[in-house]
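Submitted below is the structure of interest, expressed as structure tokens.
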Amino acid sequence: MHLHTKVARFDAAPGDANRPSSTPIYQTATFEQESALEFGRYDYTRSGNPTRDVLETRLAELECGSFGFALSSGMAAISTLLRAAYSLEGTAAGRGRLVLGADLYGGTTRLIERLLAPLGVDVQRVDTTSLAAVEAALHSPPPGPTWVLLESPSNPLLRVTDIAGVAQLARKAHARLAVDNTALSPYLQNPLELGANVVVHSATKHLGGHGDVTAGALVTRDAQLAESIGFLQNAEGSALAPFDSWLLLRGMKTLAVRVAQESKNALEVARFLESAPGVQRVHFPGLACNPGYALQQRQARGAGQLVSFETGNRELSQRLCEETELFSIAVSFGSTNSTISLPCRMSHASVPEEAIAMGRVAALPADLVRLSIGLEDPRDLIEDLKAVLQRATNSAARTQTAPVPIPG
Ligand SMILES: *Cc1c(COP(=O)(O)O)cnc(C)c1O
């Protein structure tokens, strides 16, 4: 089945005698039982709910996995995964190693630095775009489970990691690989097909797609890991609520057309930025000059809709955020409207300063601007960016001042 068909066609209400064509919202906390001794399929929504079940089946299908889980947020998904990961083999808390990509969502870094590292898990940050660096970090793992967690393309620098290459190294070292696939969505990339053991999503982004629901997802083919995740989802009550599950299902119906169009628009914006006045460096794996271009072409079906760039001038970057008219200043991405942000000040401001000071986490360029490209006509987006860039370059030329250099 082709991808667009797979996204559009699904059983909206399995087993429902009324054959609804859209999944009903089972907005109920509990389900009546036939007898006090024998329970039916559903008894309590924390443990299972038909609306969430349809969603979890969809998530597993779209990520080519066997077990899907919908959680209350992307962070809840990552937190659940980490605890499932480090209790899997019956080892005591605080044993094991986590090899982390150098460029990760700020909230993930915060969770690991503040909650997991203090438990004694040996956390190693490496540039996962280098397979040699990954191999070195996997060398002589301590007792206990070893995991690799990465994003590709990473956010906000959009650097591409060879997922199949890392998966192979992990397998050789008896480690497991988790890939946060939020930036591309299952429409553009399927990490399980490349050898990852589990896929993570902030479904708040592309899967939901309309900026109206906070949700997370985990998908795996590993029955043992799935059992552990399912246990935590029920025991801790982190499962996604019925109404939010329905919103996510509704958003996912148009995943294919949204992401396809947004990625096309993003490529046009990135091409404009490449030669725009005042722009020094564009990060977008869909540009042929990007070091990750060939790899991205090989392992994914597109480059996504995030574009980041450096101006060499912090004030200009701030002006772009404030003076563009079609880009709202907002964290997050993957919604129908375009947004602009300064990752250093916004989405990644939660990275603990000590972690940066100790060199555990690389500092982001202060002038980095990240765009999330939506469904607007790209010609309008380009005009909007061009107007601010031209105004800024003209006024810089008038006052004869060089751009303010960024220290360090
Ligand atoms: C947003 C995001 C998260 C966190 O997800 P929430 O739904 O906000 O909890 C995790 N990873 C990536 C890559 C993200 O962009």
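Atoms within a ligand are numbered from 1 in the order they appear, just like the ligands themselves.
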Please confirm whether Ala215 comes under 4.0 Å of ligand 1, counting heavy atoms of the residue only.
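The answer is yes: ligand 1 sits under 4.0 Å from a heavy atom of Ala215.
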
Shortest non-hydrogen contact from Thr161 to Thr129?
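Taking every non-hydrogen atom into account, OG1-N, 3.6 Å.
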
For ligand 1, which atoms have a heavy atom of Ser73 less than 4.0 angstrom away?
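Listed by number with element, the hits are 7 (O), 9 (O).
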
Report yes if some N/O of Gly74 lies less than 3.5 Å from some N/O of ligand 1; otherwise report no.
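Looking only at distances, the answer is yes, because the N/O contact criterion of under 3.5 Å is met.
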
Hey, is ligand 1 close enough to Ser202 that some N/O pair sits below 3.5 Å?
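There is such a contact, yes.
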
Atom indices of ligand 1 within 4.0 angstrom of Glu151 heavy atoms, with elements
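In order of numbering, the contacting atoms are 13 (C).
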
Looking only at protein heavy atoms, which one is nearest to atom 13 (C) of ligand 1, and how far off is it?
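Here the nearest protein heavy atom works out to Asp180 OD2, 3.3 Å.
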
Presence of salt bridge, Lys386 and Glu383, under 4.0 angstrom
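A salt bridge is present here (some side-chain N lies under 4.0 Å from a carboxylate O).
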
Where Val259 and Ser263 come nearest, the two heavy atoms and their spacing
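Taking Val259 first and Ser263 second, the nearest heavy atoms are O-OG, 2.6 Å.
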
Between Asp244 and Arg52, does at least one N-O distance fall below 4.0 Å, as a salt bridge requires?
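No, Asp244 and Arg52 are not salt-bridged.
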
What pairs of donor and acceptor atoms, side-chain ones from residues 61-68 against any protein atom, are under 3.5 angstrom apart with sequence neighbours left out?
residue : atom : partner : partner atom : Å
Glu61   : OE1  : Arg58   : NH1          : 3.3
Glu63   : OE1  : Asn190  : ND2          : 3.0
Glu63   : OE2  : Asn181  : ND2          : 2.7
Glu63   : OE2  : His201  : NE2          : 2.7

Regarding Lys205 and the six-membered ring of Tyr105, is the cationic atom NZ or CZ under 6.0 Å from the ring centre and inside 45° of its axis?
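Yes, Lys205 lies over the aromatic ring of Tyr105.
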
Below 4.0 angstrom from a heavy atom of Phe333, which ligand 1 atoms are there? Numbered from 1 as shown, please.
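With Phe333 as reference, the close atoms of ligand 1 come out as 15 (O).
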
Identity and distance of the protein heavy atom lying nearest atom 7 (O) of ligand 1
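Its nearest protein heavy-atom neighbour is Thr204 OG1, 2.6 Å.
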
What is the nearest protein non-hydrogen atom to atom 4 (C) of ligand 1, stated with its residue, atom name and distance?
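In this structure, atom 4 (C) of ligand 1 has Tyr105 CE2, 3.4 Å as its nearest protein heavy atom.
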
